[in-house]
Amino acid sequence: MFDFLDSGQYDVLGAFWVTVQLTLYSAVGSLIWGTVLAGMRVSPVPLLRGFGTAYVNLVRNTPLTLLIIGCSLGLNQTLGIALGGSTFKEIGFRLAVLGLTAYTGTFVCEALRSGINTVPVGQAEAARALGLSFFQVLTLIVLPQAFRAVIAPLANVLIALTKNTTVAATIGVAEAALLMKEMLENEPQALFAVFAVFALGFVLLTLPTGLLLGWVAKRVAVKR
Amino acid sequence: MSSVLYDTPGPKAKARNWIYSGLFVVLFGLVLWWALSLMGEKGQLDADKWSPFVTDSRVWTTYLLPGLVETLKAGALAMLIALPFGALLGIGRLSDHAWVRGPVGAWVEFFRAIPVLMLMLFGFALMAPRLMDVPSDTRPFWAVVTGLVLYNSAVIAEIVRAGVLSLPHGQSDAAKAIGMRKGQTMFHVLIPQAVTAMLPALVSQLVVILKDTAIGGALLGFGELLSMNRQISANYSNTIPTLFVIALIYIVVNFGLTSFASLLEGRLRKSKKSTGAVVGVNDVNDMATGANSGGI
């Protein structure tokens with residue numbers, strides 16, 4: 001039943017490795033971009049708040065598929081931006097990371113913002129009474145507590161990101177979903193076996209992430 | 001304005017805010033100027049690339065509107081099927097019998113862990129001529145609906161479960177006291193209240209479904225809104241303007257749905273139709289994970 005795995009024709013592990021890489025690069029990128037966005041959305045400068053709100057609302061309501069295809073068709077093929085990549089494979093991968101980061105950043109931002117709201121006002125008031133500036137209050141007092149409070153929501157964002165990397169298949173990044181599509185076309189008799197293999201792969205990727213980060217979230221939560 | 005992070009700005013802080021605003025405007029302007037000049041270089045700013053969307057009604061009647069209709073059709077149908085199916089799964093997960101609870105729980109967790117694209121591909125392969133013989137012109141549509149239903153019924157199951165669990169214990173206690181059976185308690189007392197509480201979450205889930213139809217357009221040849229970009233830019237060679245307009249349509253539709261869900265949430269919170277907490281927009285908006293709703 002699973003003999004298509006032994007034929008050596010399909011590199012299932014390699015495809016999942018690309019999925020993992022896409023997830024990791026996009027996770028780091030969207031964590032940084034999401035934090036910057038969250039900083040803007042809570043800042044005292046109205047213009048920055050406005051930009052943050054507009055960005056989050058616009059990008060959240062756009063399909064991820066459109067963002068990634070836009071990166072490929074618009075940025076790369078029309079405007080000629082290659083993000084420093086030279087081969088088709090490299091460029092596709094980097095464009096996918098860009099699209100995933102732009103999209104996931106908004107969800108990281110919203111998770112962080114709700115985390116900032118869990119910090120009691122007294123904390124910030126005390127910090128201000130000590131004479132700390134907005135930036136110091138944010139980075140020394142509020143964000144460390146907020147980050148610990150939002151590990152569980154961020155874990156959900158990470159799991160969703162892992163699943164969303166499959167959309168990169170639309171611009172030809174050789175990750176798990178693209179290989180699955182190819183295998184379903186070539187091995188129609190092994191439909192259920194192929195699906196089982198890839199489903200298992202994703203369960204193995206997402207389940208431990210959720211359990212591990214759920215455990216971490218309980219460990220580091222600020223007891224109040 | 002004051003918040004957790006800062007006091008109402010005084011004269012000094014106001015001046016500083018102006019400086020920051022100025023810096024941001026300059027930076028944003030530079031990025032915008034760079035993007036626009038690059039687009040201008042490649043001819044994407046020429047008037048004839050943008051004017052078809054205003055002057056040529058055929059762009060709308062042949063491509064954009066039929067695409068939008070397909071998107072809405074697939075989304076609405078998937079929602080209609082996933083709703084009762086998801087409600088059943090959610091009730092099954094709350095069952096007192098381990099032999100129901102266990103398998104249903106496994107089913108829900110499994111389909112929530114699989115990317116919706118893979119479910120669509122699976123559905124597409126399942127409808128191959130050899131197996132189910134779905135006509136090739138409607139096959140992408142049904143594959144997309146299948147994928148969306150399998151995934152979103154699992155998410156809705158979690159929303160339903162959260163809605164029922166959010167109701168106070170007194171509700172089922174009272175139902176027991178007047179002699180209702182378990183099934184009666186569930187269908188006459190708990191579910192009606194839970195459904196009201198869940199409405200905002202369900203409406204916002206529709207946004208997720210609409211966004212996900214775009215995957216089917218890109219990989220299965222489903223003729224939805226996003227897939228129209230190829231045909232329009234093939235005719236007018238205006239890739240970037242087309243993508244802009246399509247993105248705008250998605251944003252308008254989805255933003256409308258989200259606002260409606262928030263409005264509904266506000267009304268429900270005030271009207272007290274339900275005794276439980278309202279399962280709000282933000283409880284399930286997490287990129288289609290439905291994750292927050294599970295943890296109550």
Side-chain angles (χ1 to χ4, degrees), chain A residues 42-48 51 57-58 60-66 69-70 73-74 77-81 104 107 110-111 114 116-117 119 121 123-124 128 134 137-138 142 152-153 156-157 159-161 163-164 166-167 169-170 176-177 180-181 184-185 188 191 195 198-199 202-203 206-207, chain B residues 1 3-7 9 13 17 20-21 24-25 28 35 38-39 41-42 44 109-110 113-118 121-122 124-126 128 130-131 207 210-215 217-219 226 229 233 239-240 243 246-247 250-255 258 282 285-289 291-292 295:
Chain A
V42 297
S43 82
V45 186
L47 194 71
L48 292 182
F51 172 79
N57 277 328
L58 291 179
R60 248 161 102 103
N61 285 313
T62 314
L64 172 64
T65 323
L66 196 155
I69 287 184
L73 284 182
Q77 291 176 23
T78 312
L79 299 182
I81 296 169
T104 316
F107 292 90
E110 290 303 87
S114 70
I116 288 173
N117 288 337
V119 178
V121 187
Q123 293 275 331
R128 278 208 299 271
F134 165 74
V137 176
L138 185 68
V142 177
N156 291 331
V157 172
I159 289 171
L161 171 66
K163 294 190 285 173
N164 279 339
T166 54
V167 178
T170 52
M180 176 176 161
K181 185 172 149 69
L184 285 176
E185 276 157 13
L191 165 59
F195 179 64
F198 284 96
F202 266 90
V203 171
T206 53
L207 212 61
Chain B
M1 227 196 93
S3 86
V4 189
L5 292 163
Y6 49 87
D7 277 317
N17 287 352
Y20 288 141
S21 301
F24 179 74
V25 166
F28 190 72
L38 200 61
M39 276 168 73
E41 229 171 79
K42 306 285 174 183
Q44 292 294 316
E109 289 300 334
F110 178 76
I114 312 294
V116 71
L117 166 59
M118 291 195 158
L121 288 173
F122 176 68
F124 194 72
L126 204 62
R130 205 174 50 89
L131 288 167
V207 173
L210 286 185
K211 287 199 293 185
D212 281 351
T213 56
I215 300 172
L219 275 172
L226 177 58
N229 83 74
S233 48
T239 315
I240 290 182
L243 287 170
I246 290 179
Y250 273 112
I251 290 167
V252 168
V253 172
N254 290 339
F255 193 71
T258 314
N282 291 321
N285 227 349
D286 286 36
M287 307 168 85
T289 49
N292 278 353

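Numbered from 1 within each chain, the chains take letters A, B, ... in sequence-line order. Computed from a predicted model, the values in this text were never measured in an experiment. Reckoned from all heavy atoms, side chains included, excluding hydrogens, waters and symmetry mates.
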Query raised in the report: Is the A/F51 ring parallel, tilted or perpendicular to the B/F28 ring (thresholds 30°, 60°)?
Result: perpendicular
Query raised in the report: In terms of heavy-atom pairs under 4.5 Å with chain A, which of B/A218, B/A214, B/A247 leads?
Result: B/A214
Query - Verdict with reasoning, A/L79 to B/M39, per side chain to side chain contact (heavy atoms under 4.5 Å, CB included) - result: CA-CA 7 Å; A/L79 299 182; B/M39 276 168 73; 3.9 Å; yes
Query raised in the report: Does any heavy atom of chain A fall under 4.5 Å from the side chain of B/F124, the backbone, both, or neither of them?
Result: neither
Query raised in the report: Is chain B contacted by the side chain of A/I81, its backbone, both, or neither, given a heavy-atom distance below 4.5 Å?
Result: side chain
Query raised in the report: So what's closer than 4.5 Å to chain A heavy atoms on B/I240: side chain, backbone, both or neither?
Result: side chain
Query - Engaged part of A/A111 at the chain B interface, taking heavy atoms whose separation is under 4.5 Å - result: neither
Report task. Working to the nearest 0.5 Å, report the span between CG of B/L219 and NZ of A/K181. Result -> 5.5 Å
Query raised in the report: Distance from B/L121 atom CG to A/F198 atom CZ, nearest 0.5 Å?
Result: 10.0 Å
Query raised in the report: In this structure, are over 12 heavy atoms from other groups packed under 6.0 Å from B/Y20 atom OH?
Result: no
Query - Largest heavy-atom contact set with chain B, pairs under 4.5 Å, which of A/L47, A/N57, A/L138 - result: A/L47
Report summary line: Checked A/P44, A/G80, A/A177 vs chain B; the most non-hydrogen pairs under 4.5 Å come from A/P44
Query raised in the report: For A/L48, is it the side chain, the backbone, both or neither that has a heavy atom under 4.5 Å from a heavy atom of chain B?
Result: side chain
Report task. Measure distances from B/F255 to the heavy atoms of chain A and classify the residue's part below 4.5 Å as side chain, backbone, both or neither. Result -> both
Query raised in the report: Between B/I246, B/L38, B/V253, B/T213, which shows the greatest number of heavy-atom pairs under 4.5 Å with chain A?
Result: B/L38
Query raised in the report: Which atoms of A/L184 come close to chain B, meaning under 4.5 Å heavy atom to heavy atom: side chain ones, backbone ones, both, or neither?
Result: side chain
Query raised in the report: Side chain, backbone, both or neither: which part of B/L210 has an atom under 4.5 Å from a heavy atom of chain A?
Result: neither
**Report entry** Residue part contacting chain B, namely of A/S43, when any heavy atom lies under 4.5 Å
**Finding:** backbone
Report task. Over all heavy atoms of both residues, which pair between B/S21 and A/V45 is shortest? Give the atoms and the distance, please. Result -> OG-CG1, 3.1 Å
Report task. Measure across B/P115 and A/K163 and return the closest heavy-atom pair with its distance rounded to 0.1 Å. Result -> CB-O, 3.6 Å
Query raised in the report: At what distance, to the nearest 0.5 angstrom, does CD1 of B/I215 lie from CG of A/N164?
Result: 7.0 Å
Report task. Quick one: pull up CG in A/L66 and CG in B/L226 and give me the separation to the nearest 0.5 Å. Result -> 5.0 Å
Query raised in the report: OG1 of A/T65 to CG of B/L117: how many Å apart, nearest 0.5 Å?
Result: 8.5 Å
Query - Per-residue contact mode, A/T170 against chain B (heavy atom under 4.5 angstrom) - result: both
Query raised in the report: Can any side-chain N or O of A/N61 pair as donor or acceptor with the backbone N or O of B/I251 at less than 3.5 Å?
Result: no
Query raised in the report: Which value, rounded to the nearest 0.5 Å, describes the distance between A/F195 atom CZ and B/M118 atom CE?
Result: 8.5 Å
Report task. Taking B/K211 for its side chain and A/R60 for its backbone only, find out whether a donor-acceptor pair lies under 3.5 Å. Result -> yes
